[in-house]
Amino acid sequence: MAQKEGKQNQQRGSADYVKNPHLEGMKEDFLYHINLGTKTNNLPEMFGDVKFVCLGGSSNRMKAFIELIAGELGMEDPKSEYPNICEGTDRYVMYKVGPVLSVSHGMGIPSMAIVFHEIIKLLHHARCKDVTVIRIGTSGGIGVEPGTVVVSKEAVDPITFKPTFEQVILGKMVVRNTKLDSGLAEELLECSKEFSQFKTVIGNTVCTLDFYEGQARLDGAFCYYTEKDKMDYLKKVKEAGVCNMEMESTVFASMCELSGLRGAVVCVALLNRLNGDQIDSPHEVLEDYQHRPQLLVASYIKKQLQTK
Ligand code: R2B
Ligand code: URA
C-alpha cells in the first residue's frame with residue numbers, strides 16, 4: 001500500500017530548503033555528484049547570490065543557456081569562457097553567471113533526483129533565499145504541433161494522471177505531491193507572448209519511466225502491444241488535459257514542493273506523438289526547437305531581475 005507523507009511544505013520562498021535533521025550533525029557535507037563540499041569550497045561566497053536555477057537534460061544545452069543568459073543580462077565574459085563549476089566529475093555540468101545557475105540533470109527520474117538533492121543542499125549551505133527553479137527541456141507533444149513550448153500546469157503520473165510521484169523509501173511506497181507553482185506558470189505564459197515565432201501553451205505533463213514502452217512507442221527494441229493499444233492510451237492521456245510527455249517532471253515538482261522552492265517546467269514538443277514515434281526532423285529544426293524554452297526562460301529571468 002502506498003503511504004502518504006504527512007506534512008508538505010507550504011512556505012514557498014522560505015530559505016530553509018532542506019528538511020533533514022541529520023545534516024546538522026555532519027562535520028562536512030560533500031556533494032559527491034557535483035564535486036563540491038562544505039569543507040573544500042566556500043559555498044556562501046560562490047553561490048550566496050543565486051536566485052534562479054535552471055536545470056536541463058543535456059550538458060551542451062546548459063552551456064548554451066548560460067551564454068544566452070550572459071548576453072541577456074549584459075554580463076558576457078570578454079574571453080567568452082564559462083567554466084564548468086563541476087569540473088572533476090563528468091556526471092553533471094554547472095555554470096553560473098550573476099544570480100543564475102545552469103545545471104544539467106541527465107535523463108530520467110533517478111538522475112534528476114540525485115542532482116536536485118545536491119542542488120537543494122547547495123542552496124541551503126550557501127544560505128540562498130527566494131530561489132526559483134525551472135526545468136527547461138524537450139518532450140513529446142500530445143496533440144500539439146512540433147515546436148510548441150509547453151509550460152506545465154501539473155506534472156502527472158502515467159497511470160492515474162494525478163499530480164503525484166511515487167518513491168520507494170525503506171521498502172515502502174511513499175506518495176508525494178507534484179503541484180507546481182501556478183503563479184509562476186502564468187507569469188511564464190505571459191512572458192511567452194513576446195515570442196511570435198513559436199506557440200506556448202499551458203497544460204499537464206505526463207512523466208514516464210522510459211522513452212520507449214513507457215511512452216507507448218511502437219519503435220523500441222520490444223513491443224508487446226498493438227498500434228490500437230498505443231492510440232487508445234494516448235487518447236486517454238490527451239483526455240486528461242495532457243499536452244506533453246517527458247521523464248523528469250514529477251520528481252522535480254515533488255522536490256520543489258518538499259523544499260518550498262518555486263518551480264516550473266518548460267519543455268518544447270519535438271513531435272506530436274499522435275502522428276508518430278520517431279524524432280526525425282532535420283538537425284537545424286530540432287536545434288531551433290530546443291532553443292525555444294531557453295529564449296522564454298532567459299527573457300523571464302531578465303524581466304524579473306529588472307523589476308527587482
Ligand atoms: C526528454 O527528453 C529525454 C529523452 O529523450 C528525457 O530526458 C526527457 O525528459
Ligand atoms: N523526450 C521525451 O521524453 N519524449 C519524447 O517523445 C521526446 C523527448
Side-chain angles (χ1 to χ4, degrees), residues 33 54-62 64-65 91-93 102-116 119 133-152 154-159 161 165 178 180 198 201 203-221 223 227 230-231 233-235 237-238 240 242-256 263-283 285-294 296-297:
H33 301 88
C54 297
L55 290 145
S58 111
S59 312
N60 286 340
R61 247 192 287 137
M62 296 327 283
F65 181 67
R91 296 291 187 188
Y92 302 101
V93 298
S102 174
V103 188
S104 67
H105 61 61
M107 280 194 284
I109 287 171
S111 184
M112 165 65 93
I114 292 167
V115 77
F116 205 13
I119 292 294
V133 283
I134 305 179
R135 156 159 153 72
I136 46 176
T138 59
S139 62
I142 304 291
V144 300
E145 281 291 297
T148 304
V149 172
V150 180
V151 178
S152 304
E154 285 185 334
V156 300
D157 76 70
I159 303 174
F161 312 122
F165 169 64
T178 62
L180 286 160
F198 58 86
V201 297
N204 292 345
T205 298
V206 161
C207 182
T208 67
L209 292 176
D210 168 51
F211 180 84
Y212 287 100
E213 292 168 282
Q215 293 187 5
R217 280 187 154 79
L218 297 172
D219 60 347
C223 185
E227 180 160 14
K230 163 192 162 177
M231 292 313 291
Y233 177 67
L234 292 184
K235 222 176 119 210
V237 168
K238 190 166 174 353
V242 168
C243 287
N244 63 342
M245 271 185 173
E246 47 75 92
M247 298 175 58
E248 296 85 16
S249 60
T250 50
V251 73
F252 171 80
S254 77
M255 292 175 77
C256 289
V265 178
V266 180
C267 290
V268 69
L270 298 181
L271 75 171
N272 179 358
R273 289 297 317 290
L274 302 184
N275 297 337
D277 295 336
Q278 293 259 304
I279 303 178
D280 52 9
S281 298
H283 180 73
V285 172
L286 294 176
E287 286 278 300
D288 173 50
Y289 289 171
Q290 290 176 31
H291 200 48
R292 294 176 179 187
Q294 297 192 14
L296 171 53
V297 171

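Every number for a ligand or one of its atoms is a count from 1 in the order of the listing.
When all heavy atoms of V144 and N272 are compared, the closest pair comes out as O-CB, 3.2 Å. The minimum heavy-atom distance linking R292 with V149 is given by the pair CB-CG2, 3.6 Å.
Near E246, with a cut-off below 4.0 Å to any heavy atom, the atoms of ligand 1 are 9 (O). Near F211, meaning under 4.0 Å from one of its heavy atoms, ligand 1 places the atoms 4 (C), 5 (O). Close contacts between ligand 2 and L271 involve ligand atoms 6 (O) [criterion: under 4.0 Å to a heavy atom]. Taking a cut-off of under 4.0 Å to the non-hydrogen atoms of I279, the atoms of ligand 2 that pass are 7 (C). The ligand atoms of ligand 2 that sit less than 4.0 angstrom from a heavy atom of E246 are 3 (O). Heavy-atom proximity to M245, at under 4.0 Å, picks out these atoms of ligand 2: 2 (C), 3 (O), 4 (N). For ligand 2, the atoms sitting less than 4.0 Å from at least one non-hydrogen atom of M247 are 3 (O), numbered in the order shown with element in parentheses.
At least one heavy atom of R135 sits less than 4.0 Å from an atom of ligand 1. Contact between N244 and ligand 2 is absent, with no heavy atom of the residue lying under 4.0 Å from the ligand.
Among protein heavy atoms, atom 4 (N) of ligand 2 sits closest to Q215 OE1, 2.8 Å. In terms of protein heavy atoms, atom 1 (N) of ligand 2 is closest to S139 CA, 3.7 Å. The shortest contact between atom 2 (O) of ligand 1 and any protein heavy atom is with T138 OG1, 3.1 Å. Of the protein's non-hydrogen atoms, G140 N, 3.3 Å is the one closest to atom 5 (C) of ligand 2. Ranking protein heavy atoms by distance to atom 8 (C) of ligand 1, first place goes to E248 OE1, 3.6 Å.
For a threshold of 3.5 Å applied to N or O pairs, the pair formed by R273 and ligand 2 contains no separation below that value. The shortest N or O to N or O distance between H105 and ligand 1 is not below 3.5 Å. Taking only nitrogen or oxygen atoms, main chain and side chain alike, R217 reaches within less than 3.5 Å of ligand 2. In terms of polar-atom proximity, defined here as any N/O pair under 3.5 Å, M107 makes no such contact with ligand 1.
The structure places CZ of F165 at 10.0 Å from OG of S249, a figure rounded to the nearest 0.5 Å. One distance of note links CG of N204 with OG1 of T178; it measures 9.0 Å at 0.5 Å rounding. Distance OG1/T205 to CE/M245: 10.5 Å, rounded to 0.5 Å. Rounding to the nearest 0.5 Å gives a distance of 13.0 Å between CG of L270 and CD of Q278. In this structure, NE2 on H33 lies 9.0 Å from OG on S111, to the nearest 0.5 angstrom.
Between the S152 side chain and the A155 main chain, no donor and acceptor come within less than 3.5 Å of each other. Between the side chain of E246 and the backbone N or O of E248, at least one donor-acceptor pair lies under 3.5 Å. At least one donor-acceptor pair under 3.5 Å links the side chain of S102 to the backbone N or O of M62.
In summary, of the residues considered (V156, D157, I109), a side chain to side chain contact (heavy atoms under 4.5 Å, CB included) with C207 occurs for I109 alone.
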